[in-house]
Amino acid sequence: MYAEEEKFAQIQNDLRQKISLEDSFSADALKTVAGVDLAYWQEGDTERAVCCIVVTDAASGEVIEKKQCDGMIDVPYIPGYLAFRELPLVLKTVGLLENEPDLFIFDGNGYLHPRHMGIATHAALVMGRPAMGIAKTYFRVDKKTDYTEPAEDAGSYTDIIIDGEVYGRALRTHKGVKPVFVSAGSGISLDTACDISLRLTSKESHIPIPTRLADLETHTARAALRGGAEE
DNA sequence: GCGACAG
DNA sequence: ATCTTGTCGC
């Protein structure tokens, strides 16, 4: 039903050689962090989505800028190829930003991916900016490697190792709450990605504040958009 | 044919 | 992701 997988895989296999798992910035140079998220809806027989990016202060989580962009979605969701579905709209939204964030946080995986090319990594390489991924549910990369449950305390984690390589981490951001799955995108290390995940997590959300805010924005934006332009 | 499956 | 009621718990 969809014949693009091979082309998509080829594109990612070319791009993956540019991945860097080292920090391209120093901790004190991290001033702003952007959360990225999308919400979808159906309009007649076409699928539409709105992308919201919320730029926050890296230390306080205070909002610095919000931008959004909506448009048609023409690629279906295929596990392993999320980037091709969401990136076009994401890149348009990034183009609207007046600030250049020091780091982008994506909803989904980065290096924790069959080709190490989850949306966070793919986006980082296309944008030429550091990005990391944080997924709310586990993506079983090789169909057999499960993750080991981290201890119940906040901050505990377990490495997700496949064929001897660390792909990402199951990170408990809140005590007793199910873990999130952190992985590098590019231009950032897994350690730093986990540090930032914990620093930007608050009492209200087990995911980083910029991501949480982008998620909320996306829902209110959709409510306005799908009630407004048609009928 | 049946289950798996980031968002 | 999205569609959805009630329900359990702090």
Side-chain angles (χ1 to χ4, degrees), chain A residues 1-2 4-5 8-9 12 16 35-53 68-91 93 104-124 131-147 152 154 160 162 167-171 173-186 190 193 197 202-208 210-212 214-227:
Chain A
M1 202 234 145
Y2 202 73
E4 310 294 324
E5 283 102 357
F8 287 171
Q12 293 193 322
R16 65 185 285 183
V36 184
D37 198 19
L38 285 82
Y40 295 83
W41 72 95
Q42 203 70 34
E43 209 161 278
D45 53 2
T46 67
E47 187 174 31
R48 296 187 68 82
V50 57
C51 174
C52 294
I53 301 182
Q68 67 178 60
C69 183
D70 63 291
M72 204 198 302
I73 298 294
D74 43 29
V75 175
Y77 170 64
I78 309 165
Y81 300 93
L82 181 63
F84 295 93
R85 173 172 167 81
E86 301 198 330
L87 270 191
L89 198 52
V90 168
L91 295 175
T93 316
F104 287 84
I105 301 181
F106 281 82
D107 208 329
N109 298 305
Y111 201 76
L112 175 54
H113 179 278
R115 292 172 298 282
H116 296 316
M117 287 291 289
I119 187 166
T121 314
H122 198 137
M132 56 170 279
I134 182 152
K136 295 181 291 297
T137 60
Y138 182 59
F139 187 26
R140 195 172 281 91
V141 166
D142 67 353
K143 303 300 180 204
K144 64 180 200 296
T145 303
D146 222 323
Y147 71 94
E152 291 299 305
I160 296 164
I162 300 168
Y167 277 50
R169 264 173 204 165
L171 175 68
T173 55
H174 277 178
K175 183 182 175 69
V177 176
K178 69 173 194 171
V180 293
F181 304 90
V182 178
S183 60
S186 190
L190 180 57
S197 298
S202 72
K203 212 102 189 206
E204 296 75 43
S205 65
H206 72 299
I207 56 177
T211 301
R212 176 63 182 146
D215 179 61
L216 294 172
E217 274 300 305
T218 227
H219 289 291
T220 57
R222 178 179 59 188
L225 285 166
R226 73 169 161 193

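Proteins come first, then strands; the chains are lettered A, B, ... in the order of their sequence lines, and each starts at number 1. Note that this is a predicted model, so its numbers are computed, not measured.
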Side-chain polar contacts of residues 174-183 of chain A - donor-acceptor pairs under 3.5 angstrom, sequence neighbours left out - could you list them?
| unit_1 | atom_1 | unit_2 | atom_2 | d |
| --- | --- | --- | --- | --- |
| A/His174 | NE2 | A/Ser202 | O | 2.6 |
| A/Ser183 | OG | A/Gly110 | N | 2.8 |
| A/Ser183 | OG | A/Tyr111 | N | 3.4 |

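For the side chain to side chain contact (heavy atoms under 4.5 Å, CB included) test, residues two or more places apart in sequence or in another chain that qualify with A/Leu91 are A/Val126, A/Met127.
Ring geometry, A/His122 versus A/Phe84: the interplanar angle exceeds 60°, so the pair is classed perpendicular (tilted spans 30 to 60°).
Between the side chain of A/Glu43 and the backbone N or O of A/Glu47 there is no donor-acceptor pair closer than 3.5 Å. Distance alone, capped at 3.5 Å, places no donor-acceptor pair between the A/Arg222 side chain and the A/Ala49 backbone. Between the side chain of A/Gln12 and the backbone N or O of A/Met117 there is at least one donor-acceptor pair closer than 3.5 Å.
The separation of B/dC2 from C/dT5, taken at their C1' atoms, amounts to 30 Å, rounded to a whole angstrom. Look at the P atom in both B/dG3 and C/dT4: the space between them is 25 Å, to the nearest Å. Here, C/dG6 and B/dG1 have their C1' atoms 35 Å apart, quoted to the whole Å. For the C1' atoms, the distance from C/dT2 to B/dC5 is 15 Å, rounded to whole Å.
Residues A/His116 and A/Tyr167 place their aromatic rings such that the two centres sit under 6.0 Å apart.
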field: Heavy-atom protein contacts under 4.0 Å, nucleotides 1-7 of chain B, coded B base, S sugar-phosphate only, - none
entry: ----BBB
query: Where along nucleotides 4-10 of chain C does protein come under 4.0 Å, by heavy atom, of base (B) or sugar-phosphate alone (S), with - for untouched nucleotides?
result: -------
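Look at A/Arg222 and you won't find any side-chain N or O under 4.0 angstrom from OP1 or OP2 of C/dA1.
Using a 4.0 Å heavy-atom cutoff across all strands shown, A/Ala49 reaches no nucleic acid atom at all. Counting non-hydrogen atoms under 4.0 angstrom, A/His219 reaches the backbone sugars and phosphates but no base.
A salt bridge between A/Asp107 and A/Lys136 is present, with a side-chain N of the basic residue lying under 4.0 Å from a carboxylate O of the acidic one.
Contact detail for A/Gly35 and A/Ala214: the closest heavy-atom pair is O-CB, 3.5 Å. Taking each heavy atom of A/Thr93 and A/Leu89 in turn, the nearest pair found is OG1-O, 2.7 Å.
To the nearest 0.5 Å, atoms CG (A/Leu112) and CD1 (A/Ile134) are separated by 12.0 Å. From A/Ser197, atom OG reaches atom CE of A/Met132 across 3.5 Å, with rounding to the nearest 0.5 Å.
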- line: The dot-bracket string of DNA chain B, counting Watson-Crick and G-U wobble pairs with both distances under 3.5 Å, using [ ] for crossing pairs and | for pairs to another strand, is .......
- line: Intra- and inter-strand pairing of DNA chain C, written as dot-bracket with Watson-Crick and G-U pairs under 3.5 Å and | for the latter, reads ..........
Residues A/Glu86, A/Tyr77; criterion side-chain hydrogen bond (donor to acceptor under 3.5 Å, both in side chains); working and verdict: CA-CA 9 Å; A/Glu86 301 198 330; A/Tyr77 170 64; over 6 Å; no
